[in-house]
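In what follows, a structure is listed as structure tokens, so that the remarks can point back to it.
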Amino acid sequence: MRLNFLVFIMTLCYTLTYAQNDIPKNYFEKPLDIPLLLSGTFGELRSNHFHAGMDIKTKGVTGLAVLASAEGYVGRIKIQHGGYGKALYIYHPNGYQSVYAHLNNFSPEIEALVKKAQYQKESYEIELFPSASDLKVKQGEIIGYSGNSGSSGGPHLHFEIRDYKSKPMNPFLFGFKEVKDSKKPQIFALHAYPLGPLSHVDGMTERVQLKLIQRNDGSYRTESLKAFGTIGFGIDTYDILDLTYNKNGVYSIVTKLNGKPIFKTTFDKFSFYESRYINRLIDFEYYTTEKRRIQKLFLEPNNPLSLYKDVYDNGIISIQKDNLDQSFEIIVSDFMGNTQSILVPLTTDFKENLIQKSIKETEYYAKAKSASVFEEGKIDIYIPKDALYEDRFLDIDIQGLSVKLHEPGTPLHKSITLGFDVSQYSLEDQSKFYIASVTPWGSKYYVSTYKKKDRLTTKVNEFGTYQLFEDTKAPSIKPKNFRDKQWVSNFRFLKLEIDDEDTGIDSYRATVNGEFILMEYDYKTKTLVYDFNDGKISDTKNELKVVVTDKVGNTAIFEAEFFRKN
Ligand SMILES: [Zn+2]
């Protein structure tokens, strides 16, 4: 009986220990047969999201063989114009998934399956979920070729490892020791924030950037910071790996007050649903104007991010009148354990009658935890619950069919619905209307516009100016590598350039002699490409027809003849 209990306890201990060290080391191999150099790391702060994998440099070119990182089967293939472009997901027997994105094309076997589905659906964009027996892969087997598809800003392979719940994890947790990093994280800037109504730092009631002084050992300190009340800090930091110049994300940040840890963030794992909370983690207003990201080292309400650990008093420091001098320290680490630190000596400095940052009161007050509706003239605004992180007055100005919707520096977590009443216009006019976001320098960007009776609506996830416009211009279609009536027997590809000035391309369809042909569209180069290797063209004389429609339904048709010896 006693022995059984002991065995039970030992098993329990083993299970608990095992659960923590559960991550298989060296199970995954690098997915490219070239030195592993990274242009992006896990958790890096990006627009509205955290980077979910590592970006592997591909020597500036596309077409490098991409290898299955471990055995398994191709369980998902997704092709989209934006996002991950051509992406492939391998499901592994141990429950993990590996993801390979921005590919140029797939291995012949996978490519054949993809093309078949695309011709069946008559669409470039598809998503497939092959079964476990369809496309089994061995470790190191070629599954595709690296590219620059989707919203990739240059040739590279985006590689991810996800757990059995599809949560992306830091690939470094699995090994990939080949990546060398002997350099410390870099500190670009440190900022102090007065947080309470009577708080101040350096005599200021608003954010202050602190001057960094490098010490003999390479670490930093600041001059003694005179402060009072509740205050917090924010850091602008990045990491540099060996052999590359790219600015990557750091792994962990710890802060200590008088030697005691009070705040920690670590990028081991997150959920995709959390990603947009990055706008709560960073100083969003600063980002909007400066295009640099300050990571706040304190927690505010409505921030459920799972990256925080060991947080005391939300990482906020409270300096009272009778406090003696204190010391605050920030330690930034990369995954390989290189650290950089900043020491901030704190001196209590009580000041009265400081000028407080005034809050502009308006007739539009919105609460974070409930929905708000505002209506004026021809425009109505619906702000759902949890769209805002904080209750606040909104600065709204409606002029006819244009609305200045508060300040772009205030982050939005959920979309706001805008409605424009266009009943005063004829149905014909209405059919060409769309809503666009207008930047302060006058550029306009189409936002998805929906029509319901005499009302146009849109959902926007950023504050800013939105206005009604009209698009009557059809898209343009131009041949890129051929002329009408040309012999193209030796051509591998047929290329066209398509563009639309106002609202952008909504759909395109190409046929040869009346039969659908698959054209791949790359929005970055505005190019449509047909691959003759698809084997769909067997006639000598061929009629090509390409129909392109913009987002309000203006349509352009391009027709040409080409000849081919078969
Ligand atoms: Zn990436």
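The chain is numbered in sequence order, starting from 1. Just so you know, ligand 1 is whichever comes first in the structure, and atom 1 is the first atom listed for that ligand. Below, all heavy atoms of this structure are taken into account, side chains as well, without hydrogens, waters or symmetry copies.
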Would one find an N, O or S atom of H156, in either backbone or side chain, under 2.8 Å from the Zn ion (ligand 1)? no
N/O/S atom of H158 under 2.8 Å from the Zn ion (ligand 1), yes or no? yes
Just jot down the side chain to side chain contact (heavy atoms under 4.5 Å, CB included) partners of D499, sequence neighbours excluded, or say none. S476, K526
Angle, OD1 of D55 through the Zn ion (ligand 1) to NE2 of H51 - 10° precision: 100°
Taking the side chain as C-beta and beyond, is there a heavy-atom pair between H51 and F42 under 4.5 Å? no
Which residues pass the side chain to side chain contact (heavy atoms under 4.5 Å, CB included) test with R76, not counting sequence neighbours? K78, Y89, Y91, E127, F129, R162
Judged by modelled atom types alone, do Q295 and T237 share a side-chain donor-acceptor pair under 3.5 Å? no
